2 protein chains.
Amino acid sequence: MQEPTLLLLTALADEPRHGYALMREVAEISDGRVRLRTGTLYGALERLQREGMVRVEREEVVDGRARKVYALAEPGVTALAEETARLRALAVEAERRLALRPGFRGATA
Amino acid sequence: MQEPTLLLLTALADEPRHGYALMREVAEISDGRVRLRTGTLYGALERLQREGMVRVEREEVVDGRARKVYALAEPGVTALAEETARLRALAVEAERRLALRPGFRGATA
DNA sequence: CGCCATATGCCGGTCGCCGATATATGTGAG
DNA sequence: CTCACATATATCGGCGACCGGCATATGGCG
């Protein structure tokens, strides 16, 4: 799983959101580092629906603009939980190895 | 940065290793989940050298077999440290959000 | 002698992501 | 009133990392 996808699932983890809100949320989570393009966003959303990770919870019209509100499906919750656990373990291992290097000054500050 | 690349840099983080040893190391780090293909390995190694992350430390011949021993260059150390810090923060955030879900049972066990 | 582990390398295909483009409405500036 | 901008969704071509398969070569074991 790549980072944009991981960010997307994370942005959906606490509550359902529509596409455009997801773009803003992902930017915020990543401190502005990752700006999802619409091509990536809607492409990923479609793929994640095919894979059963995400579902459309409802469609609404707000101020004359159509919205699709996406939500994490159960497989998505499980996948996200497993992925983050895996990644956290990997990060810890990488940092352990880096600390083994002679003269290493942590970049974590 | 994708996971195979991250795993590769992690495998090089503590000490220099040659290609085949990297395949074994990556498999071990990932608990056997990720088996680097030679195409991925040598392709990534070449790319990472172009990017200045990795360098060939030395070439040796052991038991009649030629080896190239790869090492992390300084930019690789920095990149790995930053990437892991970023990923760890993201994992923490994802887990925080997951914990907010009603009735969530941690998959971290 | 054949098989497996060691060891490196290339090549075609797939797939996720990027960049650009299109479409449409509401809001605020000029 | 009009133009620009934020909101909102969607499609398309292309690129690049990774995968799977193949090729090549040596040393050790049965």
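Just so you know, these numbers use all the heavy atoms, side chains as well, and skip hydrogens, waters and symmetry mates. Order of the sequence lines sets the chain letters (A, B, ...), proteins ahead of strands, with each chain counted from 1. What you are looking at is a predicted structure, and each value in this text was computed from that prediction instead of being measured.
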I need the residues from residues 57-64 of chain B with at least one non-hydrogen atom less than 4.0 Å from DNA chain C; give them sorted by number, or say none.
none
Taking every non-hydrogen atom, the tightest pair across B:L22 and B:A11:
CD2-CB, 3.8 Å
Please classify the nucleic acid contact of B:R67 as base, sugar-phosphate, or nothing, using heavy-atom distances under 4.0 Å.
sugar-phosphate
In terms of side-chain geometry, is the basic nitrogen of B:E95 or B:R97 positioned less than 4.0 Å from the acidic oxygen of its partner?
no
Search all heavy atoms of B:A91 against all heavy atoms of A:R88 and return the closest pair with its distance.
CB-CB, 4.1 Å
Could you tabulate the donor-acceptor pairs under 3.5 Å formed by side-chain atoms of residues 34-42 of chain B, not counting sequence neighbours?
from, atom 1, to, atom 2, distance (Å)
B:R37, NE, B:R35, O, 3.3

So, for A:L72 and A:A13, which heavy atoms are closest and what is the spacing to 0.1 Å?
CD1-CA, 3.8 Å
Who pairs with A:R55 by side-chain contact (heavy atoms from CB on, under 4.5 Å), at least two apart in sequence or on another chain?
A:E57, A:A71, A:A73
Under 4.0 Å protein heavy-atom contact, by nucleotide of nucleotides 15-21 of chain C - B base, S sugar-phosphate only
-SSBBB-
N-O pairing of B:E59 and B:R67 below 4.0 Å:
no
In terms of the nearest nucleotide of DNA chain C, which residue is placed more toward the 5' end: B:R65 or A:R65?
B:R65
Nucleotide range of DNA chain D contacted by chain B, 5' to 3', under 4.0 Å to a heavy atom?
D:dA17 to D:dG27
For DNA chain C, which residues of residues 8-22 of chain B approach it to below 4.0 angstrom with any heavy atom?
B:H18, B:G19, B:Y20
Would the distance check show the side chain of B:Q49 and the main-chain N or O of B:L45 forming a donor-acceptor pair, the cut-off being under 3.5 Å?
yes
On a heavy-atom basis, which atom in B:L12 and which in B:Y70 lie closest, and how many Å separate them?
CD2-O, 3.3 Å
May I ask you to check whether A:R86 and B:S30 show a side-chain donor-acceptor distance below 3.5 Å?
no
Between A:T5 and A:M1 (side chain of the first, backbone of the second, donor and acceptor by atom type, cut-off under 3.5 Å), is there such a pair?
no
